[in-house]
Every structure is written in structure tokens, then in C-alpha cells.
Asker: 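Structure provided below as C-alpha cells; questions to follow.
Fair warning: this is a prediction, and the values are worked out from it, not measured in the lab. Chain identifiers are assigned alphabetically (A, B, ...) following the order of the sequence lines, protein sequences preceding nucleic acid strands; residue numbering begins at 1 within each chain.
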2 protein chains.
Amino acid sequence: MRWQDIDQQPCSLARTLAIIGDNWTLLVLRDCFLGVRRFDDFQQRLGVTRHVLSDRLRKLTEGGILAKVAYQERPTRHEYRLTEKGKDLYPVIVHLAQWGDKYLADEHGAPLHRIHTTCGHTLDAQLQCGHCGNTVNANEVQVKENPGFEGKLLVNSEQ
Amino acid sequence: MRWQDIDQQPCSLARTLAIIGDNWTLLVLRDCFLGVRRFDDFQQRLGVTRHVLSDRLRKLTEGGILAKVAYQERPTRHEYRLTEKGKDLYPVIVHLAQWGDKYLADEHGAPLHRIHTTCGHTLDAQLQCGHCGNTVNANEVQVKENPGFEGKLLVNSEQ
DNA sequence: CTTGACGGGTTCCAAAAAAGAACCCACTAT
DNA sequence: ATAGTGGGTTCTTTTTTGGAACCCGTCAAG
């Protein structure tokens, strides 16, 4: 199986990763959430080659995560903005960053702090169940197969 | 900048992605959370080449996300188990899968359902602030630079 | 005692992707 | 006439994948 064919797997996560799961793309999204919008700004901040950046921005745009909007005419200039669909990826970015803060910070501490403005404190991101409102642990979640997709589940060993 | 040098950036997210941010690694983690533990099981489910799988499992083990434990002697056989550090990545996996369910599902619907066993309903993953307990939106979070890391923040344009 | 199977890899080569640098184009400003 | 800006594309070299074969220790069967 080639990496570019994983979007054909019957798995939501695989199809998601087909758009955002390769090298650089999640870093591009990090910068999007920090307000970066222009090609050269991405390029300077990431240090990625222009060729790869061009490819990743195109994939994100085709995937509906970013929208290419003109902000001036003559000469036409455009910028990349997060769509609603793109903004829905925010929890992923926050949890990734928080995990890094917890486990990979060096002696200087985390380079960025996130403040939850509605309560005024440092954001302590948790996984919450929107139905009952409680915080969720990995071992409180049970996975069930959609009937019709048999044989894709676990190896029948206890976690 | 090469992809393998991004772990030297002063950004928690970049360092996190240096371990788990490349092609295939997040899919390996998906299977870990579904209970897969053995080399050949990963290989068959993912369809990735053994060479790449070997490399990804090694990186995850070196990063402390998986632990290689022997489950029998003569001949020695080992399996890969999530560590506590690895299990802390669960919110990332859940949000990625849920985003895919929402935006990329085909006519058959999501292939897997996640049930929050403590409330009995389908898990509706949300980003929660552990301090105030409320659900968090992207626009309620403000980012501040750690003094000592100047010049890494946004382009001073309003989101 | 030879053959085959199992789990868990490593080695080889060809093909694809990324790195790095140069170039391009439409327009504006000097 | 020249230089600069934003947003790329094209070129060549290096690195990473994909695909397949091979290896190793052990057990079990014929």
C-alpha cells in the first residue's frame, strides 16, 4: 500500500491523515492557527522548500481546510485562511502542543502559553464528552464496529 | 531546513511532530489504541512495508511512546505496548477520527463508533478547559510568548 | 534429520519525494 | 531602466519509500 492510497481505506482517521498526516502539513496548520496567511510568511517561518509548501497548501485547499482568498487586485494577491472545517482541527493542534509541553520541553519551558480568555487561566486541555460533560479517559471508551465493516477491528486481545 | 531537523525548533508542537508527525506514524498509533501490539499485525493491517514499519516502531520506542516488552522466551518474542506517555496522545487520535467522521465519511457512515462507557452514549469529543471545566472554542484562546523566545509569534494581523 | 512454519526483523534495488537553488511573471515604486 | 514584492515553477541532487527477497532462532511434523 502506498501512502497516497490510504484515503481509500474505510477509516475516518486514515482519510483524515491522507490530507493532514504527512510531514510539514501539521506545522503549516500550527502557523495558520497563529494567524499566518501568506506564502512567504509560511516559507520563512517553517524553512520548508517553496516546492513542498506549495504542494501542502494546495492539498489543504483542495481538502477544504484552507481557502485561498484574494486580498488585492492588480497584481492579484491571495492569502490562505482557515475555513470552519479547518478551525475544527483546533483540538488536535492544542492537544499535540500540550503533549509536547508536558513531555518534550527543554530547560526554558514551553515557548508559547495558551490562555483561556473566558476563565483567564492557562488552558488545560482535556478530552470531554459533550453528551455527559465529563472528562474522558482512554480506558472509558469502547470501540464498536459499524455492521458492514467486519474484520477491521482489534486482534481480540485485552487492552 | 530538513524534516529531520525540526526537533531542534523551540516549539513543542514541532518537537512532537518530529516523533509522531510523519507519514504512517499516526496510523500506527491508531492501531495501538485498537489493541494491536505485534509487528506482523501492524504490517498486515497497515499494508506498510516492513522496513518503514520497523523504522516507525523504533522511533516511537525511542520517544517513549511505545515500550518493547517480551511476552515469551525461547524464542524471544516481543510486542509493542503504549506507555502512559503514549496513552496521553489519545485525545489527538480521538479528535482526528471524529473530524474524519464528520467531514469525510462516505455513504456507509463511520466505520467505527466510540462509546463513552461511563455515560453509555456515543462519545462526542470536545475540547475542555480543565481549570474552569467549560468547553473551549478556538477564538477563546489567546497565545502569549514565553519571554526569552521573542520573534516567533504571529504576523500581527487580526485572526 | 529434513522440511516447513512463525515472529520479527534486515538487505537489496528501483521508483518516488524532498532539499536547495535558480528562475519566472505581473505589477508597482524609484 | 532598475529593483522589489508576492507567489509561485523548474531544475538537479540527495533522501526516503515501495516491493521483494532473505535471515535467524525455535518448535513441530513427516
Asker: Quick one: are the ring centres of A:His116 and B:His131 less than 6.0 Å apart?
Answerer: no
Asker: Can you tabulate the close N/O pairs, meaning under 3.5 Å, that link protein atoms to atoms of nucleotides 26-28 of chain D?
Answerer:
{"unit_1": "D:dT26", "atom_1": "O3'", "unit_2": "B:Arg74", "atom_2": "O", "d": "3.4"}

Asker: Could you encode protein contacts along nucleotides 10-16 of chain C as a string, one character per nucleotide from 5' to 3', using B for base contact, S for sugar-phosphate-only contact and - for no contact, with a heavy-atom cut-off of under 4.0 Å?
Answerer: BB-----
Asker: Send over the distance from A:Asp55 CG to D:dT9 C1', rounded to a whole Å.
Answerer: 13 Å
Asker: If you assign each of A:Arg38 and B:Gly47 to its closest nucleotide in DNA chain D, which residue comes earlier from the 5' end?
Answerer: A:Arg38
Asker: Validate the cation-pi geometry between B:Arg38 and B:Tyr71: distance from NZ or CZ to the six-membered ring centre under 6.0 Å, angle to the ring axis within 45°.
Answerer: yes
Asker: Is the shortest side-chain N to carboxylate O distance from A:Arg81 to A:Glu79 below 4.0 Å?
Answerer: yes
Asker: Provide, to the nearest angstrom, the distance between the CZ atom belonging to A:Arg58 and the C1' atom belonging to C:dA17.
Answerer: 13 Å
Asker: Counting any heavy atom closer than 4.0 Å, what does B:Phe42 reach on the DNA or RNA strands: base, sugar-phosphate only, or nothing?
Answerer: nothing
Asker: Between P on C:dA17 and CG on A:Asn23, what's the gap in Å once rounded to a whole number?
Answerer: 12 Å
Asker: Testing the basics here: between B:Leu57 and B:Phe42, what is the closest heavy-atom pair and its distance to 0.1 Å?
Answerer: CD2-CE1, 4.3 Å
Asker: Establish, with yes or no, whether the OP1 or OP2 oxygen of D:dG7 is under 4.0 angstrom from a side-chain nitrogen or oxygen of A:Tyr71.
Answerer: yes
Asker: Are B:Asp31 and B:Arg45 ion-paired here, with the side-chain N under 4.0 Å from a carboxylate O?
Answerer: yes
Asker: If I compare all heavy atoms of B:Trp24 with all of B:Leu46, which pair ends up nearest, and what's the gap?
Answerer: CZ3-O, 3.8 Å
Asker: Are B:Ile115 and B:Leu112 joined in one hydrophobic group, where the rule is that I, L, V, M, F, W and Y side chains link up if heavy atoms are under 4.5 Å apart?
Answerer: no
Asker: Taking NZ, NE, NH1 and NH2 as the nitrogens, is one of them in A:Lys59 or A:Asp55 under 4.0 Å from a carboxylate oxygen of the other?
Answerer: yes
